[in-house]
Every structure is written in structure tokens, then in C-alpha cells.
Amino acid sequence: MSGSDERPSGGEDGSSGEEPGRHGLQELIAERRAKAQRLRSADPDAFPYTFAGAEPIAAVLDAYEHLDTGEETEDSHRVAGRIAARRGAGKAAFMDLVDRTGKIQLHARLDVLGKEAFEQLTTLDLGDLIGLDGAVLRSRHGELTLRVERFEVLAKALRPPPDKHHGLTDVETRYRRRELDLIANEESRRVFLQRARVISAVRGYLDGEGFVEVETPILQPLYGGALARPFTTHHNALDRDLYLRIATELYLKRLIVGGLERVYELGKDFRNEGVSHKHNPEFTMVEWYEAYADYEAEALRLEQIVAAAAAAAGYEGEIDFAAPWQRIGFVEAIEQATGIDVTAHGDADSLRGAIAERGLEMATAGLSWPQLADDLLSKFVEPGLARPTFVLDYPVALSPLARDHRSKPGLVERWEAFAGGMEIANAFSELIDPDVQRERFAAQHRLGAAGDEESHPYDETFVQALEQGMPPTGGVGLGIDRLVMVLTGRDSIREVVLFPAMREPGA
RNA sequence: GCCCCGUUAGCUCAUCUGGUAGAGCGCCGGACUUUUAAUCCGGUGGGGCGGGUUCGAGUCCCGCACGGGGCACCA
């Protein structure tokens, strides 16, 4: 990786004309660069390549929690991090040092360090990175502190950090320059640590249940597994268009046909659609498939996996994830929320009439019966589903990859899981009959020919795989970003994606 | 794509009806050997971009860019 000692890294701050020695920011940078040069002049070995043996600050804090106010030790500990604050000067100063685990106070004393080192340490800028050895004490004001015995400047911050007290609140800057957000806002650091723990917990659960983690193509000749518009790209040597996957479903099912029996893939999917507080064009999904299981078995798995993720994230919010979650039928959920029994209005015109009759705020023009029913669910049911809920048994027209319901004609064995007013997962008893699958694809193909850009393309390779014989299978797709949103209490996906998609910066 | 709101110093925020744009932090200089949003004195630095109205625009008008919220779209 790049050394952090030398140049400003050009960066993407929008400004191209960096006139040296001008005003404001440029002046600050020039001052800091001059300081870096002074450090280099004073010490040819300044800015070393390594700083070995540093302990996490949190470990030092924990180990000396018992120390009494005013008590001093001769125990030397080595830490490294970024200077976040400085108080006092004269012949002694205090500084705050931050690493990824926490913050510790440093005490710099002229009589300990000597004139040259003391001046060097106390004239460093906020944002500079240092490593040091220091003796542990608890100050008269009760704060655990390291009395600096020796230190090395590891890197110079040429640009000033955000406000030490108010942090960085401008959301645009927080998203575009996430490194500044992470430097300034501990809360933001915490969210991404929680995200990492959620992902570990999901993998841990599936690994523990005997699932095999696999990697299937991101560049796909034909996209499938969801109803969405893809990103298209082109491979030069093969001279063919390829699509970034919108889902992993079809490849994973081929692995079930291949006999792997329990597989999962956790990774990015890409959908070329609008961005919103719950949609980023690339997002993280885990899909798992399990032979000899149906959608009810997978509902139990989701309850367990989310419980594991919530525990790993240290979830302390108001949602109770304890099993069993609420379960309600698709038809019943709509009827409860709107008073409309969609099965009693079996065609689009009739359903449209019922919607108009109740004065529901919803666009209905040109929509088919299943589209109307789905819109009723997403507009009037989903926002109210704060507690974890399975909505079961969807119309077949919305679900070309799900198996017909064993007892409810016209419906398929499918559930969607909701929490915090948001869909987080989707599952089927998978359709395994190649002839039915072929018909479903043909129906989708007709929709596509009629102009529906999100219809499912016909995938003959997939159907032929089914013709080899696929066991009864349950499959689930769980949206990691949305799960993290729920577990961290964030209301925007941009708060849980490190570098969310944005427009080009303005002038 | 549509509607509403926002954009002032490196960061966080002020700025009555149009009349020379202020503060804190940071940074620079000075004082201070237990401070913690350290304190005290002095200094530094600014109206997103492009037009218009006006004697005069951060402020009023138009356009553009980016962001936020909502709608549309979207699992």
C-alpha cells in the first residue's frame, strides 16, 4: 500500500487547481508540509516503515481499569494512533491518541522527554500519526494516561482533520470521504464494525450447519434470479456482452442439482435501478439453498440466523427477534391493512375498482392484477411491519422461480420477511419441475416482448439443469445491508455502505 | 423524471426588512509542569457555479451542479 508519509495523494476533493501559497486550506496544507519537511531534515530516519508491537488502546485501558486516581506505575506500554486533541503546552501537555479500539490520554513532559523531543511532540498537528512507549498512570482528574517516554512520528497529516469536538456532520462529505467520517465519528466506526460482525455471524451459522460457501460468476452471459434491470458490459477477447449479476439464484440451484446439497454465496449483486434510502446499485446479499427442505424449514433458519446476527452486533434496540416471528398470509395481510380481499377481485379491473372504492392513494393505471396486489402489499402492509414478520404465499405471476403452493391454487410457496418496515429476505420452496419452469420463462419472455424491462430472461441452460433432476429444495436470499440497517438502527443504506453510490461531485 | 428544502472559513455554526460577513475549534506567534470542548493575549482564513435586477446582492429573480426529504420507479 502507499506510504502515508510523503505526498498529498491528489485525491477526489473536486478541486483541481491547487495553487501553492494561497489562502485558507492551501495555506494550512503548506504549513503542515513545511513541518513534515522539518521533521525529515531533523531526522533522516523520520517516518519509519513499521512500528511493531503496539497494543490496542482498549487493551491498555482494560488492563488498568483498577488503577486509583493519582496512582502512577512504571509499566511501559506501546500504542500507536492518531492525535485527536492537545491541551496545554509550556513544560507539559496532554494529548488524546485514538486507534481503532479507543482513545487514551498522553502526558508529555519536558523533564521526561528533553527539550528537542518535547518540542517536536507538542508541535505536532491534530491528525498526525505517532507511535510511542509510555508509563501507565491515572491522572488527578481520574483519566487513564500514558506518560510518553519515547515516540516516533509515523505519518504527517497534511490536511486538517474535522472539528475535534463537533466531528463531521455534513452528510455529503461523510459519504464521499468516508475516511474523514471514520476519523471524526466513533459512531460511524462502530456501525461498520457491527456490519463486519453481522457478516461473520451469518457465515458462522451457515458453515456450522454444513453449508458450503461457493463463488459463482459475477459476470454472467444471462442474468436471472430476480426481476430487475442489469448493468451490461462487454468482454473484448470473447467479443460478447456480459451482465453483472442481479442475483446468484440460478447458479446456486445448479450446484444443488450437482449434489452439493447445501450451498451459500455471500457477495455483491448489481441492479441498474434508482437509488434511495433502501437501494444502492450494488448491494450485499447472501443466498443459501438446502436440498430436501421447503420454505417453512427456511423460515426457521432465517429466525436463527437473524438472532445470531443480532447477538453478534450487540443489538439493543426495541425489535424482538425471538422466534417464532409473526406469520401472515399475503392475502390476509392485504385484507387486514386495506380491507380488500384480493381473491374476491380476481382480475385487474375488479381489483382496481376495489382500490378506487376505498379511496386508497395508489396509482393503478395500466397495472396487472399481480402488480396491483404487490403494490398494495408494499404500500399498505410493509411500512407497518416493524416487528419481524413472514408474509407467506404469493401470487404465481410475481414468482417465476417458486413452486406452486401444495394446497392454495394460484399461489406459490414463497415468503418475504420484513423487519423495521422493510423487506429483508425472500424465500421459496424452489420450483424444480423443468417443464413448469420452461412455461414460467415463456410467460416472462412474453412480458419482456411486451416491453417489461424487468421480466426474467429465458435461461435454457438452467432448465436443462433442472432436467437432470433437482431435489426438493428450500432457498433464501437475505439482504445484508438492510439487515445491518435494522440491527444498527440506521434509516439509510448509505449509513451502512462504506462508499455508497453518488453522483459526480458538483463544482 | 417531478415536488419541497438546503449549499457562508479546513470543521461546527451565526449574519433583522438588500447597505463593507461574525464566533468557536483548527492553524500561526506569545504565556502556562495534571489538562480533558484546557485557559489567557495577538494574528490568519469565507458567501457552490453562471446570469439578471439594483447606486449597492450571502440576502431578490432565473438557470445549472451537488446533497437531503418526498413522489414515481424499485424486492
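Proteins come first, then strands; the chains are lettered A, B, ... in the order of their sequence lines, and each starts at number 1.
Side-chain N/O atoms of Arg494(A) and Asn280(A) include no donor and acceptor closer than 3.5 Å. If you check the side chains of Ser368(A) and Gln371(A), you find a donor sitting under 3.5 Å from an acceptor. With 3.5 Å as the limit, one finds a donor-acceptor pair spanning the side chains of Tyr64(A) and Asp75(A).
Residue Asp170(A) is classed as a sugar-phosphate contact, given heavy-atom separations below 4.0 Å to backbone atoms only. Within the 4.0 angstrom heavy-atom criterion, only backbone atoms of the sugar-phosphate kind lie near Ala228(A); the bases stay farther away. Heavy atoms of Arg140(A) sit under 4.0 angstrom from at least one base atom. Here Lys103(A) lies out of heavy-atom contact (under 4.0 Å) with every strand. Residue Gly167(A) is classed as a sugar-phosphate contact, given heavy-atom separations below 4.0 Å to backbone atoms only.
You won't find any donor-acceptor pair under 3.5 Å spanning the side chain of Glu172(A) and the base of U7(B), going by distance alone. Applying the 3.5 Å distance criterion, the base of U12(B) shares no donor-acceptor pair with the side chain of Thr169(A).
Within residues 368-385 of chain A, the residues approached by RNA chain B to less than 4.0 Å at the level of any non-hydrogen atom are Asp374(A), Lys379(A), in residue-number order. Remark: Glu273(A), His279(A) in residues 272-285 of chain A come within less than 4.0 Å of RNA chain B through at least one heavy atom.
Nearest-nucleotide positions on RNA chain B place Leu126(A) closer to the 5' end than the other of Leu126(A) and Glu72(A). Mapping Glu361(A) and Asp491(A) onto RNA chain B via the closest heavy atom, the residue that lands nearer the 5' end is Asp491(A).
Distance from the side chain of Glu27(A) is smallest to U44(B) among C13(B), C25(B), U44(B). Considering only side-chain atoms of Leu25(A), the nucleotide from A37(B), G10(B), G67(B) that sits closest is G10(B). Nearest to the side-chain atoms of Asp163(A) among the listed nucleotides U12(B), C27(B), G67(B) stands U12(B). Of the candidates G10(B), U12(B), C25(B), the closest approach to any side-chain atom of Leu28(A) belongs to G10(B).
Between Tyr295(A) and Phe428(A), the ring centre distance reaches or exceeds 6.0 Å.
In Arg358(A), the CZ atom is crowded: over 12 heavy atoms of neighbouring residues, nucleotides or ligands sit closer than 6.0 Å. No more than 12 heavy atoms of other residues, nucleotides or ligands lie within 6.0 Å of CZ in Arg403(A), so this atom counts as exposed by the packing criterion.
For U34(B), neither phosphate oxygen OP1 nor OP2 lies less than 4.0 angstrom from any side-chain nitrogen or oxygen of Arg87(A). Remark: Arg86(A) is not in phosphate contact with U35(B), judged by side-chain N or O atoms under 4.0 Å from OP1 or OP2.
When Arg482(A), Arg195(A), Lys268(A) are each tested for a side chain to side chain donor-acceptor pair (under 3.5 Å) with Thr284(A), only one passes: Arg195(A).
Note: Arg387(A) CZ to Phe321(A) CZ = 12.0 Å, rounded to the nearest 0.5 Å.
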Arg245(A)/Thr248(A) under side chain to side chain contact (heavy atoms under 4.5 Å, CB included): CA gap, chis, key distance, verdict:
CA-CA 7 Å; Arg245(A) 69 183 179 200; Thr248(A) 49; 3.5 Å; yes
